[in-house]
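Read the structure below first, then the notes.
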Amino acid sequence: MSIIVWIIIGGLAGWIAGMIMKEQGSLVKNIIVGIVGALIGGFIMSFFGAEGFTGFNLWSFVVALLGSVVLLAIINFVTKKSA
């Protein structure tokens with residue numbers, strides 16, 4: 001799978017997840033959150049027996065968005081706990 005697909009889907013998923021979680025981030029942060037979120041979302045989906053990130057399609061976006069929201073929730077929990 002092309003790295004460009006990861007960047008596009010990751011950037012969109014990170015941006016939407018940031019809006020859902022009321023987080024503001026730069027373009028680079030959104031892409032990183034989206035890509036890592038896609039990996040987390042793929043792990044979550046494989047745990048339930050579904051396919052993870054499969055390419056440039058709506059399902060991959062949903063998986064990346066789910067993982068991105070989970071990632072931001074974990075980051076918020078850890079940073080607010082330690083502060």
Side-chain angles (χ1 to χ4, degrees):
M1 186 171 338
S2 172
I3 188 71
I4 294 174
V5 171
W6 282 87
I7 291 171
I8 292 170
I9 297 281
L12 288 172
W15 177 56
I16 299 291
M19 290 183 354
I20 291 170
M21 299 297 291
K22 295 180 177 41
E23 294 283 324
Q24 292 198 3
S26 66
L27 176 65
V28 174
K29 179 184 175 189
N30 289 339
I31 291 172
I32 292 171
V33 166
I35 290 173
V36 174
L39 295 172
I40 292 171
F43 176 74
I44 292 170
M45 288 297 131
S46 68
F47 180 75
F48 289 111
E51 287 192 24
F53 197 90
T54 59
F56 193 71
N57 54 38
L58 184 61
W59 177 251
S60 294
F61 175 74
V62 170
V63 169
L65 181 60
L66 171 71
S68 298
V69 169
V70 168
L71 177 63
L72 287 176
I74 291 170
I75 290 170
N76 285 341
F77 179 75
V78 169
T79 56
K80 293 201 179 179
K81 265 306 216 191
S82 64

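Hydrogens, waters and symmetry mates are skipped; everything else that's a heavy atom, side chains included, is used. Small disclaimer: the values here were computed from a predicted structure and weren't measured.
To the nearest 0.5 Å, atom OG1 of residue Thr54 and atom CH2 of residue Trp59 are 9.0 Å apart. With rounding to the nearest 0.5 Å, the separation of CG in Asn30 from CD1 in Ile35 is 11.0 Å. Here the straight-line distance linking atom CG of Leu27 with atom CD1 of Ile32 works out to 9.5 Å at 0.5 Å rounding.
The main-chain N or O of Gly42 is found under 3.5 Å from a side-chain atom of Ser46 such that the two form a donor-acceptor pair.
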Going through the distances and angles, do Leu39 and Trp6 end up as a side-chain contact (heavy atoms from CB on, under 4.5 Å)? CA-CA 10 Å; Leu39 295 172; Trp6 282 87; 3.9 Å; yes
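Each of Leu71 and Phe43 belongs to its own hydrophobic cluster when Ile, Leu, Val, Met, Phe, Trp and Tyr are linked at side-chain heavy-atom distances under 4.5 angstrom.
Smallest separation of non-hydrogen atoms from Phe61 and Ile9: CA-CG2, 4.0 Å. Between Lys29 and Glu23 the shortest heavy-atom distance is NZ-OE1, 4.0 Å.
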Please tabulate, one pair per line, all N/O donor-acceptor pairs under 3.5 Å involving side-chain atoms of residues 63-70, not counting sequence neighbours.
unit_1, atom_1, unit_2, atom_2, d
Ser68, OG, Val33, O, 3.4
Ser68, OG, Ala64, O, 2.7

